[in-house]
Participant: 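Sharing a structure with you now.
Side chains are part of it too, since the values below use all heavy atoms of this structure and drop only hydrogens, waters and symmetry mates. One is the number of the first residue; the rest follow in order along the sequence.
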Amino acid sequence: MSRPAAPRPLSALLRAVLRQTRGATAIEYGLIVALIALSAVGGMAAIGQPVTGLFGSINSYLTNVR
């Protein structure tokens, strides 16, 4: 049977945590996704009103043509 690992000193644990980069990469990807989502929502909000107006104009034109 193997023995349980001895507890590491706090300084060694902190050094090990600071050396890891996998968590940083995940955070970077999360920030990129959030930025893309924010840009998409902003873009949709910016063009939403003109598109609504365009469809309203088309609707009124088609109603008058009948």
Side-chain angles (χ1 to χ4, degrees):
M1 271 193 172
S2 63
R3 298 170 79 176
R8 297 194 298 191
L10 183 59
S11 61
L13 182 63
L14 287 175
R15 276 193 304 263
V17 168
L18 291 176
R19 269 188 257 137
Q20 291 191 6
T21 59
R22 285 177 32 189
T25 303
I27 291 172
E28 290 169 356
Y29 283 134
L31 290 173
I32 291 169
V33 168
L35 182 62
I36 290 171
L38 186 62
S39 300
V41 169
M44 289 178 205
I47 65 168
Q49 196 65 27
V51 170
T52 302
L54 176 65
F55 282 124
S57 298
I58 293 170
N59 184 32
S60 65
Y61 174 77
L62 292 176
T63 303
N64 293 333
V65 169
R66 287 187 211 172

Participant: Please check this pair: side chain of Asn59 against backbone of Phe55, looking for a donor-acceptor N/O pair closer than 3.5 Å.
Facilitator: no
Participant: Side chain to side chain contact (heavy atoms under 4.5 Å, CB included) with Leu31: which of Ile27, Leu35, Val33?
Facilitator: Ile27
Participant: Only counting residues at least two apart or in another chain, list the ones meeting side chain to side chain contact (heavy atoms under 4.5 Å, CB included) with Ser11.
Facilitator: Pro9, Arg15
Participant: Is it possible for you to say whether Leu38 and Val41 belong to one hydrophobic cluster, with membership spreading through side-chain heavy-atom contacts below 4.5 Å?
Facilitator: no
Participant: With sequence neighbours left out, what residues match Pro50 under side chain to side chain contact (heavy atoms under 4.5 Å, CB included)?
Facilitator: none
